[in-house]
Amino acid sequence: MEARVFQKDWTGTNASARWPLEGRLTVVAPKLSLECRVDLLFLLDSSAGTTLDGFLRAKAFVKQFVQAVLSEDSRARVGVATYSRELLVAVPVGEYQDVPDLVRSLDGIPFRGGPTLMGSALRQAADRGFGSATRTGQDRPRRVVVLLTESRSEDEVAGPARHARARELLLLGVGSEAVRAELEEITGSPKHVMVYSDPQDLLNQIPELQGKLCSRQRPGCRTQALDLVFMLDTSASVGPENFAQMQSFVRSCALQFEVNPDVTQVGLVVYGSQVQTAFGLDAKPTQAALLRAISQAPYLGGVGSAGTALLHIYDKVMTVQRGARPGVPKAVVVLTGGRGAEDAAVPAQKLRNNGISVLVMGVGPVLSEGLRRLAGPRDSLIHVAAYTDLRYHQDVLIEWLCGGEWGNPHAQGYPHGRPSA
């Protein structure tokens, strides 16, 4: 692979006295490329919370990224904006002559200081960050916002992030460990967040970012065997309208799979005043029958217990007698607002210990501690701000299911039945 040498010149700044990577930094990095068509807006935190050093680190990251990735025939276009009190688009997307011109523009972006109003910046970036660069029709590229920050926001971020995703923007976050949780809330998934522990580690995130920009999950598990059970919270705390949103989301997910007894089997369990198997793994052998059955699943109301529902799945759904196939990967996707999850951590771990992966989609502005315990491993939790936003997280869910990245040493399931519990 071709290698290039990049030199970072800190002449004219006072950062070298405080940043361990002082003076002229020479970094040997592999030449990367972006094969996809993408419009990319880097959103740099220029607030007092991040500090001048943090801002310069972010600029160095962007400079090395564009030098490593962009070329004359690149299908990617880049823009840069900064924020503190308000958003400033320093380099509009695609409005530069070549990479050296873009780097010179980056050098000229000043540090601004002021409050960290990330939520306001996200909303403004969604509304005007891509400006006249937006392409339409079949030529329309993927539009991505990459947020770089080391400081927590002083304003609310969930609503603006939802606003940005509603405009079909992919949100990615790059930041220090201190802002990991907030970046996960903004992007909607741990898989969309890159965290660094020290300044040098920040530069090591460049290949990972390059991979995330062009990665698109396969259109479902078309050839991969999978036993999949959706578990829907239909308690009174959810309500019938939000339950309808969940049904719509599960139907949309089901369209991504090859549903038949040899590839993907799907079951559905609902819980509220009671736990009920809407249909088992082997009950709906075709996609058409599956879609009809999802629409007919009952809303139960009442008070729900996620722990009881998980034990029901363990005892009465994910069994060979009820259609589960030995040696086939098994997963349970829990959709819940979080109430009634206090008793669920132990049953969830029982499933995991027996080769059944559990992913939690927690809906609401704040995730309860019970829901976090239910999710277990960090990569087994997807935070969704509102039920109407479920559709924006479908790609992440499908990627998790089809990629087999389940944080589970037994992802293939036990081919000869479960070990004794």
(message) If the threshold is 4.0 Å, N to carboxylate O, is there a salt bridge linking K63 and D107?
(response) yes
(message) Checking the side chain of Q205 only, and the main-chain atoms of M194 only, is there a donor and an acceptor separated by less than 3.5 Å?
(response) no
(request) Mind listing the closest non-hydrogen atom pair of G119 and D155 along with its distance? (result) N-OD1, 2.9 Å
(request) Report yes if some heavy atom in the side chain of I294 is under 4.5 Å from a heavy atom in the side chain of F279; otherwise report no. (result) yes
(message) Is it the case that the side chains of R251 and Q247 hold a donor-acceptor pair, with the cut-off being a distance below 3.5 Å and no angle test?
(response) no
(request) Decide if atom CZ of R123 counts as having more than 12 heavy atoms of other residues, nucleotides or ligands within a radius under 6.0 Å. (result) yes
(request) Show your reasoning for whether ring-ring contact (aromatic ring centres under 6.0 Å, His included) applies to Y387 and F243. (result) CA-CA 8 Å; Y387 288 95; F243 174 60; over 10 Å; no
(request) Indicate yes or no for a side-chain donor-acceptor contact from R352 to the backbone of V358 under 3.5 Å, with no hydrogens or angles considered. (result) yes
(message) Could you check whether any side-chain N or O of R373 sits under 3.5 Å from a backbone N or O of A344, counting only pairs where one atom can act as donor and the other as acceptor?
(response) no
(message) I'd like to know if R143 pairs up with D39 as an ion pair, taking the criterion as any Lys NZ or Arg NE/NH1/NH2 lying under 4.0 Å from an Asp or Glu carboxylate oxygen.
(response) no
(message) Show the nearest heavy-atom pair for residues A125 and L87, with the distance to one decimal.
(response) N-CD2, 3.7 Å
(request) Kindly give the heavy-atom pair with the smallest separation between A386 and V363, and that separation in Å. (result) C-CG1, 3.5 Å
(request) Could you check if a side-chain atom of M246 sits within less than 4.5 angstrom of a side-chain atom of V238, using non-hydrogen atoms only? (result) yes
(message) Ignoring hydrogens, what is the shortest heavy-atom contact between M118 and S153? Give both atom names and the distance.
(response) N-OG, 3.2 Å
(message) Using side-chain heavy atoms (C-beta onward) and a distance below 4.5 Å, is R142 in contact with L213?
(response) no
(request) Would you mind checking if R57 and E150 are paired as a salt bridge, meaning a charged N to carboxylate O distance below 4.0 Å? (result) yes
Which side-chain N or O atoms in residues 227-234 pair as donor and acceptor under 3.5 Å with protein atoms at least two apart or in another chain?
residue : atom : partner : partner atom : Å
D227    : OD1  : Q265    : NE2          : 3.1
D227    : OD1  : R325    : NE           : 3.0
D227    : OD1  : R325    : NH2          : 2.7
D227    : OD2  : R325    : N            : 2.8
D233    : OD1  : S235    : N            : 3.0
D233    : OD1  : S235    : OG           : 2.7
D233    : OD2  : T336    : OG1          : 3.0
T234    : OG1  : Y271    : O            : 3.0
T234    : OG1  : L300    : N            : 3.4

(message) Less than 4.5 Å apart, side chain to side chain, heavy atoms only: is that true for T50 and T149?
(response) yes
(message) Quiz question: by atom type and distance under 3.5 Å, do the side chains of T82 and R112 form a donor-acceptor pair?
(response) yes
(request) Would you check if the side chain of K212 reaches a backbone N or O of P207 as a donor-acceptor pair within less than 3.5 Å? (result) no
(message) Within the 4.5 Å heavy-atom criterion, are D395 and W400 side-chain neighbours or not?
(response) no
(request) For the residue pair F111 and F55, categorise the inter-ring angle as parallel (less than 30°), tilted (30 to 60°) or perpendicular (more than 60°). (result) tilted
(message) I want to check something: taking the side chain as every heavy atom from C-beta on, are R372 and L381 in contact at a cut-off of under 4.5 Å?
(response) yes
(request) Search all heavy atoms of P329 against all heavy atoms of A225 and return the closest pair with its distance. (result) CD-O, 3.5 Å
(request) State, with a plain yes or no, whether a side-chain heavy atom of R128 is found less than 4.5 Å away from one of V89. (result) yes
(request) Quick one: closest heavy-atom pair of S47 and P115, and the distance? (result) CB-O, 3.5 Å
(request) Have a look at I313 and tell me which of D315, V317, L311 forms a side-chain contact (heavy atoms from CB on, under 4.5 Å) with it. (result) V317
(request) Determine whether L172 and V144 make a side-chain contact, defined as any pair of heavy atoms from C-beta on separated by less than 4.5 Å. (result) yes
(message) Is it the case that the side chain of T264 and the backbone of N260 share a donor-acceptor pair, with hydrogens and angles ignored and the cut-off at 3.5 Å?
(response) no
(request) Measure the OG-CG distance between S46 and L148 for me, rounded to the nearest 0.5 Å. (result) 12.5 Å
(message) Strictly distance-based, threshold 3.5 Å: is any side-chain N or O of H383 a donor or acceptor partner for the main-chain N or O of G364?
(response) yes
